[in-house]
Novice: 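Structure incoming, see below.
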Amino acid sequence: MRSLSKNVTQKKIICYVLRKPGCTPSEISRNLKISLGSIRYQIKTLKAEEELTLTKEGKFTRVFQNSNTFTKNDKIIISHLKGSTRKQILLNILENPEITNQEISEKLNLDKSTTHWHIKKLREDYIIFSEVEGKFTKYFVNPAVEPELLKWLKY
């Protein structure tokens, strides 16, 4: 009986991850109404069975199906897009190439330091790059990742 419920739980988790790639164990737990401990256990089992892969981004563990569906860049981009602030920053940079930190901060009503922190993370993962012009730093989306970024923005 226990293995049957385990399989049902695992199937629910896999279906959820297929619909929401890059989700966190907490998100799965909350939306499937299954305890976080059970989710973590099942994810660990599914990872050992090579059904799922995990990526770590800061304090978040992101869950993806284990297939050739997602490149390393896809996983990085999806992880960044899961954060609403970072997603808004990326949308602003896409819509307004050469936008500055100050302009982003004003448009999104964020502290400059918050904007700078998110931009730093995006630059570390080569999603965006910057050019200094006088006393201003202008930001651009990395052309090498732009097609993937646009694909996952629609998702």
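FYI, side chains are in, hydrogens and waters are out, and symmetry mates aren't considered; it's all heavy atoms of this structure.
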Novice: Hydrophobic clustering (ILVMFWY, side-chain heavy atoms < 4.5 Å, transitive) - are Tyr126 and Val145 grouped together?
Specialist: no
Novice: Taking all non-hydrogen atoms of both residues, which atom of Leu18 and which atom of Gln65 are closest, and how far apart?
Specialist: CD2-OE1, 2.8 Å
Novice: Tell me whether Ile34 is reachable from Leu52 by hopping between hydrophobic residues (I, L, V, M, F, W, Y) whose side-chain heavy atoms are closer than 4.5 Å.
Specialist: yes
Novice: Compare every heavy atom of Pro147 with every heavy atom of Ala144, then report the nearest pair and how far apart it is.
Specialist: O-CD, 4.2 Å
Novice: According to side-chain contact (heavy atoms from CB on, under 4.5 Å), who are the partners of Asn109, at least two apart in sequence or on a separate chain?
Specialist: none
Novice: Do you know which two heavy atoms are closest between Val63 and Pro25, and how far apart they sit?
Specialist: CG2-CD, 4.1 Å
Novice: Taking only residues two or more places apart in sequence or in another chain, which ones pass salt bridge (charged side-chain N to carboxylate O under 4.0 Å, His left out) with Lys82?
Specialist: none
Novice: What verdict does the side chain to side chain contact (heavy atoms under 4.5 Å, CB included) test give for Thr61 and Ile43, after you've listed the backbone C-alpha separation in whole Å, the side-chain angles of each residue and the deciding distance to 0.1 Å?
Specialist: CA-CA 11 Å; Thr61 299; Ile43 287 173; over 6 Å; no
Novice: Could you grab the distance from atom CG of Asn31 to atom NZ of Lys20, nearest 0.5 Å is fine?
Specialist: 7.0 Å
Novice: Going from CZ on Phe136 to CD on Gln102, what distance comes out if it is rounded to the nearest 0.5 angstrom?
Specialist: 7.0 Å
Novice: To the nearest 0.5 Å, how far apart are CD1 in Ile104 and CG in Leu91?
Specialist: 11.0 Å
Novice: Measuring from atom OG1 of Thr55 to atom CD1 of Ile76, what distance do you get when rounded to the nearest 0.5 angstrom?
Specialist: 8.5 Å
Novice: Only counting residues at least two apart or in another chain, list the ones meeting side chain to side chain donor-acceptor pair (under 3.5 Å) with Lys138.
Specialist: Glu133
Novice: Return the set of residues passing side chain to side chain donor-acceptor pair (under 3.5 Å) with Ser29 (not counting sequence neighbours), or none when no residue passes.
Specialist: none
Novice: Any chance you could measure Leu90, atom CG, to Thr85, atom OG1, to the nearest 0.5 Å?
Specialist: 11.0 Å
Novice: Lys44: which residues meet the side-chain contact (heavy atoms from CB on, under 4.5 Å) condition with it, sequence neighbours left out?
Specialist: none
Novice: Got a sec, which residues hit ring-ring contact (aromatic ring centres under 6.0 Å, His included) with Phe64, two or more places apart in sequence or on another chain?
Specialist: Phe70
Novice: Quick test of your reading: applying salt bridge (Lys or Arg N to Asp or Glu O under 4.0 Å), list the pairs with at least one residue in residues 102-114, sequence neighbours left out, ordered by first then second residue.
Specialist: none
Novice: When you compare the side chains of Ser130 and Thr137, does any donor N or O come within less than 3.5 Å of an acceptor on the partner?
Specialist: no
Novice: Of the non-hydrogen atoms in Leu149 and Leu81, which two are nearest, and what is the gap between them?
Specialist: CD1-CD2, 4.0 Å
Novice: Please evaluate residues Leu94 and Leu153 with respect to the criterion side chain to side chain contact (heavy atoms under 4.5 Å, CB included), reporting the C-alpha separation (whole Å), side-chain torsions for both, the decisive distance (0.1 Å), and the verdict.
Specialist: CA-CA 11 Å; Leu94 272 169; Leu153 274 169; 3.4 Å; yes
Novice: Going by the salt bridge (Lys or Arg N to Asp or Glu O under 4.0 Å) test, which pairs reach into residues 23-42, not counting sequence neighbours?
Specialist: none
Novice: Testing the basics here: between Ile28 and Tyr16, what is the closest heavy-atom pair and its distance to 0.1 Å?
Specialist: CG1-CD2, 3.6 Å
Novice: Please step through side chain to side chain contact (heavy atoms under 4.5 Å, CB included) for the pair Lys12 and Gln42, ending with a clear verdict.
Specialist: CA-CA 10 Å; Lys12 285 181 181 180; Gln42 297 297 346; over 6 Å; no
Novice: Mind jotting down which residue pairs meet the salt bridge (Lys or Arg N to Asp or Glu O under 4.0 Å) criterion with at least one end in residues 61-78? Sequence neighbours excluded, please.
Specialist: Asp74-Lys151
Novice: Let me confirm one number: the NE2-NZ distance from His80 to Lys87, rounded to the nearest 0.5 Å.
Specialist: 14.5 Å
Novice: According to a 4.5 Å side-chain heavy-atom criterion applied to Ile, Leu, Val, Met, Phe, Trp and Tyr, with indirect links allowed, do Ile127 and Phe60 form part of one hydrophobic cluster?
Specialist: no
Novice: Can you name the closest pair of heavy atoms from Ile78 and Pro21 and give their distance?
Specialist: CG2-O, 3.4 Å
Novice: Find out if a path of hydrophobic residues (ILVMFWY) with successive side-chain heavy-atom gaps under 4.5 Å connects Ile14 to Leu36.
Specialist: no
Novice: Just to verify, what does Glu50 make a side-chain contact (heavy atoms from CB on, under 4.5 Å) with, not counting sequence neighbours?
Specialist: Asn66
Novice: Taking only residues two or more places apart in sequence, or in another chain, which ones meet Glu131 in a side-chain contact (heavy atoms from CB on, under 4.5 Å)?
Specialist: Phe129, Phe140
Novice: Can you name the residues that form a salt bridge (charged side-chain N to carboxylate O under 4.0 Å, His left out) with Glu95, not counting sequence neighbours?
Specialist: none
